[in-house]
There are 2 protein chains.
Amino acid sequence: MSAKITIHDVARESGVSIKTVSRVLNREPNVKADTRDRVQAAVAALNYRPNISARSLAGAKAYLIGVFFDNPSPGYVTDVQLGAIARCRQEGYHLIVEPIDSTGDVEEQVAPMLATLRMDGVILTPPLSDHPVVLAALEREGVPYVRIAPGDDIERAPWVSMDDREAAYDMTNHLIGLGHRDIGFIIGHPDHGASARRHQGFVDAMRDANLPVRQDRVEQGWFSFRSGFEAAERLLGGSDRPTAIFASNDDMALGVMAVANRMRLDVPAQLSIAGFDDTPGARITWPQLTTVRQPIAAMAGAAADMLMSGVEHEEGEPPPSRLLDFELVVRESTGQAPG
Amino acid sequence: MSAKITIHDVARESGVSIKTVSRVLNREPNVKADTRDRVQAAVAALNYRPNISARSLAGAKAYLIGVFFDNPSPGYVTDVQLGAIARCRQEGYHLIVEPIDSTGDVEEQVAPMLATLRMDGVILTPPLSDHPVVLAALEREGVPYVRIAPGDDIERAPWVSMDDREAAYDMTNHLIGLGHRDIGFIIGHPDHGASARRHQGFVDAMRDANLPVRQDRVEQGWFSFRSGFEAAERLLGGSDRPTAIFASNDDMALGVMAVANRMRLDVPAQLSIAGFDDTPGARITWPQLTTVRQPIAAMAGAAADMLMSGVEHEEGEPPPSRLLDFELVVRESTGQAPG
DNA sequence: ATGAAAGCGCTAACAA
DNA sequence: TTGTTAGCGCTTTCAT
């Protein structure tokens, strides 16, 4: 184990005080270029790295960002982590991951952690973005947070999102453009704010095209493969079938695909299927899934940025926010309507 | 923001010195039961939580465990995190996740992080479990680590694994028991130690059943859907086809399934397909995949345990290790051999 | 069984 | 532009 070298070693090596070393490390002004160079040379020569515990104990920053998630769609969580870390690394921040079980005692899981860790900020992923106990604990402990894709109470705190309504609107129009007039829709998990927005986009597109939205064509799902499977069984069970099904996420769309396979329905010749999210699973079927690419990593990166730059939410002002672009990914599971 | 309460507040409240509070917190001996109770009451009353930075600065423990991963199969990574955290929470430890890009400068990614964070230990997931630069950096910085499913040099450091060879052996026997005599095999990513062991298990089972292992029935894959897809195209391309294909992981098995669907081969009537890992994707197809359930969360939990309990690897001794049980999960993608 | 004092390695407030 | 001095909230000696 290499002997621990501290700021004092660097100060001695470069012939300045520790405070000046500290200034250089933190990019504070009022350091002569020449001095700065000497210090940086010493840092490099000694291979010095500031101790994060000492830094956070003495100063205001902990150099720690938290990511809270629950009931993880694995791909989603991993994308969030990768996106957040990409930004954090550059600034010397690290990521603490905390799965929260919302069916358990949330307060008990969150409060002690916030008190011990004193993170600089927390990124909230759905459905935690809307969990009242989590939000309250964060506010009580004074830990800044950014919500990803929150559902309601948008004025409460900073957030990052994409336009779920418009994306669903566009996807529905894609289907309509292919000649589909009878389209089934599977709603997402009711605890996720995005679910209602995606549903709205579907309804708006149908209305704008003067197409009826039949209530027996809309099923409630839970974002799981199984719930998509079961919804598809109901949707496709009778002789009177829709020619396309738009599921609010990929997992459910894959459930629809499984039912279609089992019923020997040709996709997309007899049934078009569209998903939402562009998870890895979307390419892990045949035919590959037409879906909406969410900028998950980018959203997480933007959230990390907001946290690290210490954006403030001024009382009475709308909170800082970012709306990122989505992308329609048309693959093989959607095609011309039959007939 | 609730005012920060410190060990001094607790000491005052319970009428003892901060050292005694510290003793209680760390479960040190030599505290009168009565005193201990008073302190614990004060901790509860004040809702006190020790500051992790102060603790790790003053003491030896950081209460931080790292998880390194690369090129993540999302489900795998999430399982590892959940498994590790479940144990860490009880002991007041937290998880730092660090994706490592092994195609980049690994030393540069790992060394500064180890120096700043001074974690109590690191959990290495494949293929990082065998990455020489990562191992060397860890050892140089004196950070203990546990390797999950390492490939070689098993004596070097503590590890947790499952018996990949035996699992592949059992799966191959399952296929043989179904009457298959001509079985294709897709090898996993060569950087993952498990790949060779799974291949070996296949070969051993074939030998033990006096079945030939034809070289044109064994394809090299990379653990990706695409590589499984391409291997299956080669395996199934001619008129002389195997009646079953055993892929070294689920993603590749799903690639085989896609080729079978495209060729209108009935699974399992005309072709049996087996995977390995039991990722969520295994249930997200139809027919559902017969596979091997890896105890991923349990392996990560065991690794976290070893790290937190500070197991030492004595010079000249074999390192501490755990071999966990797997489980054959027979679903619908395997069946009687045709004819 | 308990406590006093001395740091851990930094940043912050204030001098110079 | 630079340095000095005090802590941050704990754990660790070492007394008692």
Side-chain angles (χ1 to χ4, degrees), chain A residues 1-40 42-43 46-64 92 112 115-120 142 310, chain B residues 1-40 42-43 46-64 92 112 115-118 120 310:
Chain A
M1 168 164 176
S2 53
K4 274 186 278 186
I5 56 158
T6 75
I7 197 170
H8 289 99
D9 300 316
V10 178
R12 191 173 334 104
E13 177 84 5
S14 48
V16 298
S17 76
I18 61 165
K19 174 66 232 195
T20 299
V21 176
S22 173
R23 284 196 179 92
V24 174
L25 293 175
N26 295 298
R27 299 194 192 82
E28 285 173 31
N30 298 335
V31 180
K32 224 177 3 183
D34 174 51
T35 313
R36 177 183 308 275
D37 292 346
R38 281 219 316 288
V39 172
Q40 275 162 349
V43 166
L46 296 172
N47 202 16
Y48 164 74
R49 308 291 166 189
N51 177 310
I52 203 170
S53 300
R55 271 186 134 171
S56 66
L57 182 55
K61 300 194 227 169
Y63 295 93
L64 253 27
T116 34
L117 244 26
R118 307 239 62 99
M119 299 169 282
D120 300 301
Chain B
M1 169 163 177
S2 53
K4 275 186 278 185
I5 56 158
T6 75
I7 197 171
H8 289 99
D9 300 315
V10 178
R12 192 174 331 106
E13 177 83 6
S14 49
V16 298
S17 74
I18 62 166
K19 174 66 233 195
T20 298
V21 177
S22 174
R23 283 197 180 92
V24 174
L25 293 174
N26 295 298
R27 299 193 192 81
E28 287 173 31
N30 297 336
V31 180
K32 227 182 353 186
D34 173 51
T35 313
R36 176 183 308 276
D37 292 346
R38 280 220 316 289
V39 171
Q40 275 162 348
V43 166
L46 296 172
N47 202 16
Y48 164 74
R49 309 291 167 188
N51 177 310
I52 204 170
S53 301
R55 271 188 132 168
S56 67
L57 181 56
K61 299 194 228 168
Y63 295 93
L64 253 27
T116 33
L117 245 24
R118 308 238 62 97
D120 300 302

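The sequence lines fix the lettering, A, B, ..., with proteins before strands; numbering per chain opens at 1. No hydrogens, no waters, no symmetry mates; every other heavy atom, side chains included, goes into these values.
Rounded to the nearest 0.5 angstrom, B:Q40 CD and B:D37 CG are separated by 6.0 Å.
Atom-to-atom, CZ of A:R12 to P of C:dC10 comes out at 12 Å; the value is rounded to the nearest Å. For the pair A:H8 NE2 and D:dT5 P, the computed distance is 12 Å after rounding to whole Å. For A:L117 and D:dC8, the CG to P distance is 21 Å, given to the nearest whole Å. With rounding to whole Å, B:E28 atom CD is found 13 Å from C:dA1 atom P. If you take CZ of B:R49 and P of D:dC10, they are 13 Å apart, rounded to a whole angstrom. The distance between atom CZ of B:R55 and atom C1' of D:dG9, rounded to the nearest whole Å, is 11 Å. As a whole-Å value, the separation of B:D9 CG from D:dC10 P is 9 Å. Here the C1' atom of nucleotide C:dT11 and the CZ atom of A:R27 are 16 Å apart, to the nearest Å.
The shortest non-hydrogen separation linking B:Y63 to B:D120 is N-OD2, 2.5 Å.
Taking the side chain of B:A58 as heavy atoms from C-beta on, and the options C:dA4, C:dG7, C:dA1, the nearest nucleotide is C:dG7. Distances from the side chain of A:I7 to the nucleotides C:dC10, D:dT11, C:dA1 place C:dC10 closest. The side chain of B:L57 approaches C:dG9 more closely than any other nucleotide in the set D:dC10, C:dG9, D:dT11. Closest to the A:T20 side chain, of the nucleotides D:dT2, C:dG3, D:dC10, is D:dT2. Which of D:dT2, C:dG9, C:dA1 sits closest to the side chain of A:T35 comes down to D:dT2.
In this structure, A:S22 reaches the C:dT11 phosphate: one of its side-chain N or O atoms is under 4.0 Å from OP1 or OP2. Taking side-chain N and O atoms only, A:Y63 has no distance below 4.0 Å to OP1 or OP2 of C:dT11. Between B:S17 and C:dG3, a side-chain N or O to OP1/OP2 separation shorter than 4.0 Å is present. Side-chain nitrogen and oxygen atoms of A:N26 include at least one within less than 4.0 Å of the OP1 or OP2 phosphate oxygen of C:dT11.
If you find the closest nucleotide of DNA chain D to A:R36 and to A:I18, the one lying nearer the 5' end belongs to A:R36. Summary of the strand contacts: B:G15 and A:S56 both lie near DNA chain C, and taking for each the nucleotide with the nearest heavy atom, the more 5' one is attributed to B:G15.
Within the 4.0 angstrom heavy-atom criterion, only backbone atoms of the sugar-phosphate kind lie near A:N51; the bases stay farther away. B:S53 comes within 4.0 angstrom of nothing in the nucleic acid, heavy atoms only. Within the 4.0 angstrom heavy-atom criterion, base atoms lie near B:K19.
Applying the 3.5 Å distance criterion, the base of D:dG3 shares a donor-acceptor pair with the side chain of A:R23.
Checking each of A:I5, A:L46, A:V21 against A:E13 for a side-chain contact (heavy atoms from CB on, under 4.5 Å) leaves exactly one that passes, namely A:L46.
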Evaluate the side-chain contact (heavy atoms from CB on, under 4.5 Å) criterion for residues B:R23 and B:T35: first the C-alpha distance (whole Å), next the side-chain angles of each, then the deciding distance (0.1 Å), finally the verdict.
CA-CA 11 Å; B:R23 283 197 180 92; B:T35 313; over 6 Å; no

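Looking at A:K4 and A:N51, their side chains never come closer than 4.5 Å, going by heavy atoms from C-beta outward.
A donor-acceptor pair under 3.5 Å is formed between the side chain of B:R38 and the backbone N or O of B:S14.
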